[in-house]
Amino acid sequence: MTSFKIADNAIAQTLIPTLTLSNGFEMPAIGMGTFGSDRYGHEQVSEAVLGAASMGYRFFDCASVYGNEHHIGEALQTIQSVIPRSELYIDSKVWNDQHDHVIESCKQSLKDLQLDYLDLYLVHWPFANYHAPGCDGDARNPDSRPYDHERFMNTWRQMEQLVDMGLVRSIGTSNMTIAKLKPLLRDARIKPVVNEMELHPHFQQSELYDFLNENQIQPIGFCPIGSPQRPARDTTENDTVDIEDPIIIAAANRIGVHPAIICLKWAHHRGHVPIPFSVDPEQYRGNLEAITKDPLSSSEIAALKTIDKNCRLIKGQVFLWQGANDWQDLWDLDGEIVS
């Protein structure tokens, strides 16, 4: 692991906004994802974490299933030789096969990340449905089951215990729907403060987004530029490409940036926290800089609102159960939980 220092061209922390969650804790308005194991080695991802921190990033979005937390932990130790732990914001997620062992899973992530606490811990998917790493998109586990609220609440009670134990400061959800969030909000002792979800200009999820804001749940957006390098199993012939959209390209040409930067500016203006990933220093610095200067015009914001194509890229089909129709059954499109 290389030594660490703040880069000469780092973005000043005073320029990077923060958001206050419903429980009073603050989080940076942009983070860096760390899911890159499908394309890059663990060393490349951990080096990117080091480089991003040196450029000004403080929020790193991790997960046990990414298989790289041990390497990221080494990077975080190096970073803390210069940046105090209190200035970092680190999250992780419990994977589907650990819904009955949340506390043990969290402790393992803490050990791997070499941390005493997490700022945020998420339930990665609402289904306890396991799939083999790297499996084909058509793969199905015969043990997979539809969403079960009682079982999910058993998982959530363990999440609440993590807060009680001081192992995590905040808890949240990921890949949820309104139909699943309503009973959770009704039954939870400690309510989720965030929901991590797919968000980009071609998939704006306006109804869910408004529901989250109404219930003081902060949206975090993955695939913020439309994930052009996502795994092949997550691509279909009907998928659209955000960074090829004429509206996005026109805004990029006006400002003189890559179209991906427009997607991040849109996210920041809208109020959710994007978590782009890159191993390229110029790219991850540009991603961070996207929310600190050259805001979009009101006419560009209005135009971007019109290009929603309801194009979900991460469909989750590997979590389907026997008897399900297709991936849409995961997302409760009619407003009712599909069972």
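Each residue takes its place number in the sequence, starting with 1. As a basis for the values below, the full set of heavy atoms in this structure was taken, side chains included, without hydrogen atoms, waters or symmetry mates. Since we're looking at a predicted model, the values are computed, not measured.
Salt-bridge formation is not detected for the pair Lys111/Asp116: no Lys NZ or Arg NE/NH1/NH2 atom is positioned less than 4.0 Å from an Asp or Glu carboxylate oxygen. No salt bridge links Lys107 with Glu104; every basic N to acidic carboxylate O contact stays at or beyond 4.0 Å. A salt bridge does not link Glu300 to Lys265: none of the charged nitrogens lies less than 4.0 Å from a carboxylate oxygen. Classification of Arg151 and Asp100 as a salt-bridged pair holds, one side-chain N sitting under 4.0 Å from a carboxylate O. Ion pairing between Lys93 and Asp61 holds under the 4.0 Å rule for side-chain N and carboxylate O. Of the charged side-chain nitrogens involved, none lies within less than 4.0 Å of a carboxylate oxygen, so that Lys182 and Asp332 do not count as a salt-bridged pair.
Side-chain atoms of Gln283 do not come within 3.5 Å of backbone N or O of Val279 as any donor-acceptor pair.
Here the CD1 atom belonging to Ile337 is positioned 9.5 Å from the CG atom belonging to Asp148, to the nearest 0.5 angstrom.
Residues Tyr89 and Thr18 fail the side-chain proximity criterion, which asks for heavy atoms closer than 4.5 Å.
With sequence neighbours excluded, the residues that form a side chain to side chain contact (heavy atoms under 4.5 Å, CB included) with Asp164 are Arg189, Ile190.
Remark: Glu26 CD is packed, more than 12 non-hydrogen atoms of other residues, nucleotides or ligands lying under 6.0 Å away.
Using cut-offs of 30° and 60° on the angle between ring planes, the pair Trp321 and Phe127 is tilted. Taking the six-membered ring where tryptophan is involved, the planes of Phe152 and Tyr147 are tilted, since the angle between them lies from 30° to 60°.
In the model, Thr240 has a side-chain atom that pairs as donor or acceptor with a side-chain atom of His202 under 3.5 Å.
The cationic atom of Lys309 (NZ for Lys, CZ for Arg) does not lie both less than 6.0 Å from the six-membered ring centre of Phe203 and within 45° of the ring axis.
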